[in-house]
Amino acid sequence: ANEFLTEEEAEAVETAEEGNSIPLTVFEVPATIDFKLATRFDKILYDNMIMTDVNGLLTVKDEGVTMTDFQISILQGLVTLNGTYETTNPVRPTVNFDLDIKDFDIPQTFETFNTVQKLAPITESCVGKFSTSLKFVAELDEHMNPDLNTLTGGGRVTTNEVFIEGSETIDKLADLLNNDKYKRMKIEDVKATYEFIDGRLHVKPFEVKVEKSTATVYGSNGFDETLDYTLDMKVPTSELGSDINALLGDLLSLTNSGGANFKTPDVIEVQVKITGTCSDPKVSLGNLNALGSGGTVKEQIV
């Protein structure tokens, strides 16, 4: 498909092969066309993407293209697409898509789609595969990129096993817990629901296993790269570093000074706040339950 590009765009292919995308332009669907096309392509090269086993039904009508049960093998996975691209306003074309993505490779997805870099910047540090069902509506700009401020919709993402390493946010979490083991996380069995609202990706609470700990994760990140996430963690005391254990000892001593006889629990509840931006994340402690899940004494850490 690169052979259909303009001369200026074709010259950009060499740059695209180095990892950057070609500056696309809006394709205006002619109003006088009305037909259906049953399609099958063994292989399509477009920009820096290689798509194989492409098949489905295309309906071109009313200045739009509707794709029905359109399947594409790409990024080591498979996507089934239903939806419409329409250009009744060629200055601001719109898309209304329903995607079912199976087993996409996370690093390749991050490198291929700049939208993913905005929606889920943490994926830059992830290795593994993911699946998601996704419905969204958005306007496109002059380069065929979604205007994220107009994006609405949401979906559900699942992963069996993902490794996170080299993330500044995760490194700061490890420093906060005083345990370098958390600098390379293995996340298992993620099932998370998300929604696009007012320029932010909102994630509803979901539980994950992190090493020997569990965490309930929720919050949002903005398309302006701002972060606002909370991790409610249950961490074995043995996994905490000396600094937090010292703080825990002080809290227990303070509690016991009133006549109680609490002992150090096997598991404590730690709340972690992630704010700041993707390039400069801030990781801090919120509530710390010094007595574990059955305790009543909590300390607010500022």
Side-chain angles (χ1 to χ4, degrees), residues 21 24 44 46-47 49 51-59 64-86 92-124 126-141 143-162 187 189-208 217-225 227 229 278:
S21 60
L24 306 177
I44 297 176
Y46 183 64
D47 194 357
M49 294 180 285
M51 297 170 279
T52 59
D53 299 323
V54 179
N55 65 88
L57 179 65
L58 288 178
T59 302
V65 178
T66 298
M67 287 160 269
T68 304
D69 294 331
F70 217 75
Q71 292 190 331
I72 305 170
S73 293
I74 185 175
L75 303 176
Q76 302 182 30
L78 176 69
V79 58
T80 301
L81 186 153
N82 288 276
T84 300
Y85 163 80
E86 66 88 22
R92 299 289 287 182
T94 62
V95 289
N96 185 341
F97 284 151
D98 185 344
L99 304 178
D100 185 17
I101 293 171
K102 301 289 188 185
D103 297 327
F104 266 26
D105 180 75
I106 295 177
Q108 288 187 36
T109 301
F110 182 87
E111 291 295 330
T112 302
F113 299 108
N114 58 7
T115 304
V116 174
Q117 298 170 17
K118 289 287 187 180
L119 298 180
I122 188 65
T123 55
E124 183 178 13
C126 294
V127 175
K129 291 180 177 291
F130 77 97
S131 299
T132 185
S133 57
L134 167 62
K135 295 182 179 182
F136 70 93
V137 177
E139 295 181 0
L140 306 181
D141 64 19
H143 299 303
M144 296 287 282
N145 294 316
D147 180 348
L148 296 180
N149 291 320
T150 69
L151 181 62
T152 59
R156 180 175 173 84
V157 63
T158 61
T159 65
N160 291 327
E161 182 179 274
V162 173
I187 307 296
D189 300 325
V190 172
K191 296 180 178 65
T193 301
Y194 56 91
E195 190 173 6
F196 309 119
I197 304 174
D198 296 332
R200 299 189 71 82
L201 171 66
H202 291 261
V203 180
K204 296 183 179 180
F206 68 96
E207 188 172 288
V208 295
V217 183
Y218 53 95
S220 68
N221 58 273
F223 306 147
D224 58 358
E225 298 192 353
L227 302 172
Y229 281 97
C278 297

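In this structure, CG on N221 lies 10.0 Å from CD1 on I122, to the nearest 0.5 angstrom. Atoms NZ and OG, from K204 and S220 in turn, are 13.5 Å apart once rounded to the nearest 0.5 Å. The structure places NZ of K135 at 10.0 Å from CG of N82, a figure rounded to the nearest 0.5 Å. To the nearest 0.5 Å, the span separating OG1 on T158 from CD1 on I101 amounts to 11.0 Å. Rounding to the nearest 0.5 Å places CG of L75 at 4.5 Å from OG1 of T112. T68 contributes atom OG1, which lies 5.0 Å from atom CG of L57 (distance to the nearest 0.5 angstrom).
With a 4.5 Å cut-off on side-chain heavy atoms, V116 and T123 count as touching. With a 4.5 Å cut-off on side-chain heavy atoms, M67 and L58 count as touching. The side-chain heavy atoms of V190 and F206, taken from C-beta on, include a pair separated by under 4.5 Å. Between Y229 and V203 there is a side-chain heavy-atom pair separated by less than 4.5 Å. No side-chain heavy atom of V79 sits under 4.5 Å from any side-chain heavy atom of F70.
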Distance-only donor-acceptor pairs under 3.5 Å for side chains of residues 92-99, two or more places apart:
from	atom 1	to	atom 2	distance (Å)
R92	NE	E139	OE1	3.1
R92	NH2	E139	OE1	3.1
R92	NH2	D147	OD2	2.5
T94	OG1	E86	OE2	2.5

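Remark: D224 CG is packed, more than 12 non-hydrogen atoms of other residues, nucleotides or ligands lying under 6.0 Å away. Counting heavy-atom neighbours within 6.0 Å of K129 NZ, excluding the residue itself, gives a total above 12.
Side chain of S131 to main chain of D103: a donor-acceptor pair is present (N/O by atom type, distance under 3.5 Å, no hydrogens or angles). Within the 3.5 Å criterion, the main-chain N or O of F110 finds a donor-acceptor partner in the side chain of Q117.
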>> Run D53 and Q71 through side-chain contact (heavy atoms from CB on, under 4.5 Å) and show every step you take.
In response: CA-CA 8 Å; D53 299 323; Q71 292 190 331; over 6 Å; no

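Residues passing the side chain to side chain contact (heavy atoms under 4.5 Å, CB included) test with F196, sequence neighbours excluded: L119, L134, F136, L151, Y194, L201, F223.
Smallest separation of non-hydrogen atoms from D105 and T109: O-OG1, 2.7 Å.
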